[in-house]
Amino acid sequence: MTTANALEPTAPQRGDFAPDFLWGCATSSYQIEGAGQEDGRVESIWDRFAATPGKVKDGSSGLVACDHYHRWPEDFDIGRDMGLNAYRFSIAWPRIFSEVGGKPNEKGLDFYSRLVDGMLERGLQPWATLYHWDLPQYLQDLGGWNNRATVDAYLAFVDAMTRRLGDRVQHWITHNEPWCTSIIGNFEGWHAPGNTDFKTALQVAHHVLLSHGKAVPLIRANVPNARAGIALSLHPVRPASNSPEDLAAMARHDGLRYRWFLDPLYGRGYPQATLDIIGDAAPTVEPGDLEAIAVPTDFLGVNYYFPETIQNDPTHAPLGARVLPPADGMETTAMGWEVAPQGLAELLHRIENDYHPGPMYITENGSCYTDEVGANGEIDDVERRRYLATHLAALRAAIRDGVPVKGYFAWSLLDNFEWAEGYLKRFGLTHIDYATQQRRLKSSGKWYRSFLRGE
Ligand code: IFM
């Protein structure tokens, strides 16, 4: 049993971590690439969703984004100069297949092949995410992830990508944040495709997990020395009070938010207590599915941003549990998310103690602030710098206390399209001027660079 001790006050240094620790930044295709209609890319669910009035706050889309599709050499130079030794990116499925059962698009494959070469030339170990939410719209028209046939379409995509890049990419992440794909996209409805049906969301979650389970052996078949895993967004949970009602609400919420994904991945099936609550909304599970989902993986990706405080609220469907906004006086980011570095250590200890998943990587961690470009052209994002430093200190403590974390990817290399928030919210260590596409390293990026260089 490992335990989270108090945060160490001293500033983290690169030398506090293992020499082979991975230091990266993460991005995703739809959020940065742009080139929405180039080289045979077809419509994704995010193109459709963003084009629907009222879905994205500033009415924007990823059609141009950071124009990374054309500017990636400059972006990778920024990563190299920052001192990164790894880079996490995702592959846009709509660039690869334009129909079910079709042939992969050579131009799309070539783009990612060039991208990977560009990373390797700059000393960036490529970490490829196969699904970061940009499902082809033609698959959504057939039911999307609610349709079991999407699992087969995904496997064809995984097969094409791992065959093409597997000689150079060893690390593969099957899915980014299945919670968002399923619950946010199909029950809460504020992400694409915008459905609001709980049963659909749980079936989507099941098919996403199943596709993960079936993809891992395929990745291993196509990639020599493959290392495959999944990235989950997770939060430590706290009760709003110690009342029995709030404690029970927290357990109900946690059963869906944490255990619903981790239990089946680690061979325990879906949590019975949650199945008992959701009744008819339970997904259809075919014989062999749970065994497939429980395939052993090489690592677990953990995306951490903030803890959640849960209050009993019988009116709040489907579990009678509500996530409270941070209390007055708490430090928050511009997303309204609590700043809690110790939460990262708590979360890691909990996962380690509950599942012993083997090596873990922080596949995302970062913060959103309202960045101003100063008169001198500098972006002095002091809060983001502090967020990064304090979270790395918490990570250092967790590792010293026995949690096997082997790498850290800051979210994000660049400001980018923040989904339903459009371009109103910035998470980058590099500032993007969307009018000119000028890139400027923020002071947080400079801090990460000094940290990585040991300055
Ligand atoms: O921008 C997102 C990313 O796509 C998934 N994880 C959380 C980030 C910040 O909201």
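Every heavy atom of this structure was used, including side-chain atoms; hydrogens, water molecules and symmetry mates were not. Counting convention: from 1, in listed order, for ligands and their atoms alike.
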Atoms in ligand 1 with a heavy atom of Phe427 nearer than 4.0 Å: 9 (C), 10 (O)
Aromatic centroids of Trp133 and Trp419 separated by under 6.0 Å: yes
Matching residue for Trp127 among Tyr87, Phe299, Tyr408 - test: ring pair (Phe, Tyr, Trp, His ring centres under 6.0 Å): Phe299
Which residue and heavy atom of the protein sit nearest atom 8 (C) of ligand 1, plus the separation: Tyr305 OH, 3.4 Å
Short N or O distance, Trp133 and ligand 1, threshold 3.5 Å exclusive: no
Residue among Phe417, Phe76, Tyr30 satisfying ring pair (Phe, Tyr, Trp, His ring centres under 6.0 Å) with His68: Phe76
Note, Asp110 side chain near Asp39 side chain (heavy atom, < 4.5 Å): no
Distance from atom 7 (C) of ligand 1 to nearest protein heavy atom, with residue and atom: Glu364 OE1, 3.2 Å
His132, any N or O under 3.5 Å of ligand 1 N or O: yes
Aromatic ring proximity Trp145/His206, centre distance under 6.0 Å: no
Selection residues 177-193 - residue pairs positive for salt bridge (Lys or Arg N to Asp or Glu O under 4.0 Å), sequence neighbours left out: none
Contact atoms of ligand 1, heavy-atom distance to Glu177 under 4.0 Å: 5 (C), 6 (N), 7 (C)
Under 4.0 Å to a heavy atom of Trp419 - the qualifying atoms of ligand 1, by number: 1 (O), 2 (C), 3 (C), 4 (O)
Trp179 six-ring centre to Arg257 NZ/CZ under 6.0 Å and within 45° of normal: yes
Protein heavy-atom partner closest to atom 10 (O) of ligand 1 - residue, atom, separation in Å: Glu418 OE2, 2.6 Å
Sub-4.0 Å heavy-atom contact, Trp337 with ligand 1: yes
Partner of His175 under ring pair (Phe, Tyr, Trp, His ring centres under 6.0 Å), chosen from Tyr154, Phe261, Trp93: Tyr154
Min N/O separation Gln31 to ligand 1 under 3.5 Å: yes
Contact check, Met335 vs ligand 1, heavy-atom distance below 4.0 Å: no
